[in-house]
Amino acid sequence: MSNTRFNALKADAHWQQVWDDAKTFAARDDSPKPKSYVLEMFPYPSGRIHMGHVRNYTMGDVLARYRRMKGMEVLHPMGWDAFGMPAENAAMEKGVHPGGWTRDNIATMKAQLKRLGFALDWTRELATCEPDYYGHEQALFLKFYEHGLVYRKESAVNWDPVDMTVLANEQVIDGRGWRSGALVEKRKLSQWFLKITAFADDLLSGVKALEHWPDKVRLMQENWIGKSQGLTFRFALSASVGGADTVEVFTTRPDTIFGASFVAVAADHPIAQAIAANSPEAAAFIERCKQGGTTAAELETQEKLGFDTGITANHPFDPAWQLPVYIANFVLMDYGVGAVYGVPAHDQRDFEFARKYGLPIRRVVSDGAKDAPEFHEDEAYSGPGTVVNSHFLDGMDIEDAKREVIRRAEDGGWGEGATVYRLRDWGVSRQRYWGTPIPIIHCAACGVVPVPADQLPVVLPEDVSFATPGNPLDKHPTWKHVACPTCGGEALRETDTLDTFADSSWYFIRFASQPKDKPFDKAVAESWLPVGQYIGGVEHAILHLLYARFWTRALNHIGMIDVSEPFTGLFTQGMVTHETYKSADGRWLAPDDVRDGIEIATGAAVTLGRVEKMSKSKKNTVDPTGIVDQYGADAVRWFMLSDSPPERDLPWSEAGIEGAWRFVQRLWRLFEGAGAGEGADTALDRKLHQTIAGVAADIEALSFNKAVAKIYELANAIEKAAPSASRDNAIRNVMLLVAPMVPHLAEEAWAAAGGTGLIADAAWPAVDAALLVEDEVTIAIQVNGKLRDTLVLPKGQSKEAIEAAALASDKVIRILEGKTPKKVIVVPDRLVNLVA
RNA sequence: GCGGACGUGGCGGAAUCGGUAGACGCUGGAGACUUAAAAUCUUCUGCCAUUGGCGUGCGGGUUCGAGUCCCGCCGUCCGCACCA
């Protein structure tokens, strides 16, 4: 071979064409090989891919290619999460059609992804905005409806006044819309809900068992589901309010029932509403509660406020004991039953409330030191202890007391043990055009009528106008007018569309099996699922993953698939970050505008800001396509895998990509340097086999940065080694080791070296276990725990021999000054510690 | 406030079981090659210093031995948030 430079642009295009033509990465359903499903979260077609996509898909690609080399049939598909608001925003701002905008973006981004040489099965590409996807989703929605997992209710919803749509609770962050950032209002609308709460307990126990998920994500899911166990019971009221003689409350601390000082209901509780109907003061108070801010800072400082209704509640264990009933601003209607009883000594909010309104504060749990009923501490005590001042509960541990109170409530028929979840049912109705139409028809005579299966898909009309705010489907002249499938009379289509999280809740099943006539084939889908390794951003740790887990369970529940957890392995990768730059007058500057700390346009010095996630607002983005054109796909891929552990942030740098490019060239020179060497080099053989085993383990653990470091070490060792047959063999094996990471270079080298077929189809090199073990070891010699010398000895020496060798060391002799060590610790093949 | 993660050279990081801290890369220095530059190659690069000493956020502890284990702080980041 001659000494040439690796022409990345030429090689990239050539091998991408070869893989495409041969359909190298098309997954075969009928393959006899063990199957493996590797999936990265599919992108929203926003316009162009960004570095985050490149990092995400490179990681999955390395794993997919590695598993193919290990002899597995790998499903590694790609598609488009193509419905959503940005398309409508583009329509409104630029006057383009959401469909055209989306499909153009898909074409652009697909070309960008192809340019990176990902081992994707493009034959299974799907876009959620096409009827051949969302039509099947409509069919699934109707199946859920048939099985009672979908219901409609009039409910107060979170209305985003900017996006003019309803948001799920999960999409409201600190009282603001998750996309628009606008303050969310409450509105009453008829909405479709999916019964995710029916699976709350199952989703919770399931997540605990997902051992290949990050602990962090498991915990986030657990907290989101938020299971609490306690007691619901009814207080008898001194007067009937709105037809009710009792008020129901929920507590997780029934053990503190004798410490109760008051009862409090939420501002929108029916009792509060009934009182407000006759009391302007109460109505004014409720209005005031609603105005309270919901941001973190505001909640932190907000005063506990109450309105004394004048009504009292009877303590269940003492008919003579009357507790005042308040309307309180800190009680939430949508958690538990919207009413509580307050125990000021043992709950901080109740404590603050009691102080403000001069209510009794009575100790009923002893922390071991104090047990008098008088409570003079500065904050509530909510820790463990023994129940005191509580009649029949006295002396019990709080856990026993909880059980005792629940038992007595159930026996007395005035309460029952209860489990309450923070999780709410999933409201899926959106007043939006660019989404999956909800396949329902409303008939004045027949009511709610599902669209018959033979009329699916309900296709979105193309001719819509975005001239005025609101849902274009609602304003379309003809689309919603339809004959009732049951009675044939005039009826109206549902004009709401599904939350786009529905689209991403089952796409991984459709990837596995995509028949024309149904959402998926059960047997084929089951042959691929669950996804063994799912990779994506931590921003989807709660919503998307929870909804997909629910959707899969729902399908399981109705017998459509025998899988309940869709993703057995999950990995959340870090972000790609970049330095930020600000000009002297405070403008953000793009990396291209800056050279050597100087703004190119003005010649003025720039301020170096923090390293942050690439974002348009900070102008610190680097477009992948330009970089790929400059350095080739392999250099970009190699940089994405180098240095930073994949779960942490990766700081993009010019120096970093150049280093990666240099290594790609260095590998090429290394590959060219293979010759007709003769003889064995056992040390190099060992290094090679250790590297093969180490890189394999690292890739399996997704520790790409470690795999990269090991490959550097091996390359260093080969370059230093004298020519030998071992060296030539090592070089050939390096091609295989780097093939998942820099596949174009590997194919080029493989072909030049006369390799058989494609390296993409080659087998991962076998490891000779005998060569993993060194025959010599370096032993550390410590005196009093400090390193003083090292010795190279044959592996497996006896303790006595190692000790003797250590004591013979010149340095040791000098430090010991003739004294005999009091104690000698020998760790075979590792170290000797002489304690003087 | 609650929960969690993290803290190692100028930088990204490695150290898988408590056993040689700083692998590997980046940056930087010196040299070779070149008319010159780039590329490439060689070599050095934790800190202080003269033998030697000090070093994994800080302070303690356990141990022959601690980046790793325990206790107490400090800092950074993330999630949730009046959840009864």
Quick one: classify the glycosidic conformation of C64(B) as syn or anti, with syn meaning within 90° of 0.
anti
Which is true for N833(A) with a 4.0 Å heavy-atom rule: it touches a base, it touches only sugar-phosphate, or it touches nothing?
base
Polar contact flag, side-chain donor to acceptor under 3.5 angstrom, T577(A)-D649(A):
no
Would you classify E658(A) as touching base, sugar-phosphate or nothing, given that sugar-phosphate means primed atoms plus P, OP1 and OP2, and contacts are heavy atoms under 4.0 Å?
nothing
Identify whether any heavy atom of T790(A) sits under 4.0 Å from a base atom; if not, whether one sits that close to sugar-phosphate; answer base, sugar-phosphate or nothing.
base
Name the nucleic acid region contacted by V835(A), choosing base, sugar-phosphate or nothing; use a 4.0 angstrom heavy-atom cut-off, strictly under.
sugar-phosphate
Counting just side-chain N and O atoms, does R788(A) come under 4.0 Å of either OP1 or OP2 of U20(B)?
no
Between F639(A) and W661(A), does the ring centre distance come in under 6.0 Å?
no
For K706(A), answer base if it contacts any base atom (sugar-phosphate contacts may also be present), sugar-phosphate if it contacts only those atoms, and nothing otherwise; contact means non-hydrogen atoms under 4.0 Å.
sugar-phosphate
Using a heavy-atom cut-off of under 4.0 Å over every strand shown, decide if R830(A) touches base, sugar-phosphate, or nothing.
sugar-phosphate
Phosphate oxygens OP1/OP2 of U27(B): is one of them under 4.0 Å from a side-chain N or O of R662(A)?
yes
Judged by whether its glycosidic angle lies within 90° of 0, G28(B) is anti
N or O in side chain of Y335(A) less than 4.0 angstrom from A84(B) OP1/OP2
yes
Identify whether any heavy atom of L219(A) sits under 4.0 Å from a base atom; if not, whether one sits that close to sugar-phosphate; answer base, sugar-phosphate or nothing.
sugar-phosphate
Secondary-structure string, 5' to 3', Watson-Crick or G-U under 3.5 Å, | for another-strand partners, for RNA chain B
(((((((..(((......[....))).(((((.......))))).(((...)))..(((((..]....))))))))))))....
Partners of F353(A) by ring pair (Phe, Tyr, Trp, His ring centres under 6.0 Å), sequence neighbours excluded?
F262(A), Y326(A), F330(A), Y357(A)
Distance col, row R669(A):CZ vs R5(A):CZ, nearest 0.5 angstrom, shows 9.0 Å
For the residue pair F235(A) and Y341(A), does the interplanar ring angle fall in the parallel (under 30°), tilted (30 to 60°) or perpendicular (over 60°) class?
perpendicular
Touch class at under 4.0 angstrom, heavy-atom based, for D350(A) against every strand present:
nothing
At 4.0 Å (heavy atoms only), tell me whether S653(A) reaches a base, stays on the sugar-phosphate, or touches nothing.
nothing
Below 4.0 angstrom, N of the basic side chain to O of the carboxylate: do E416(A) and R234(A) qualify?
yes
Determine the contact category for V420(A): base if any of its heavy atoms lies under 4.0 Å from a base atom, sugar-phosphate if only primed atoms, P, OP1 or OP2 are that close, otherwise nothing.
nothing
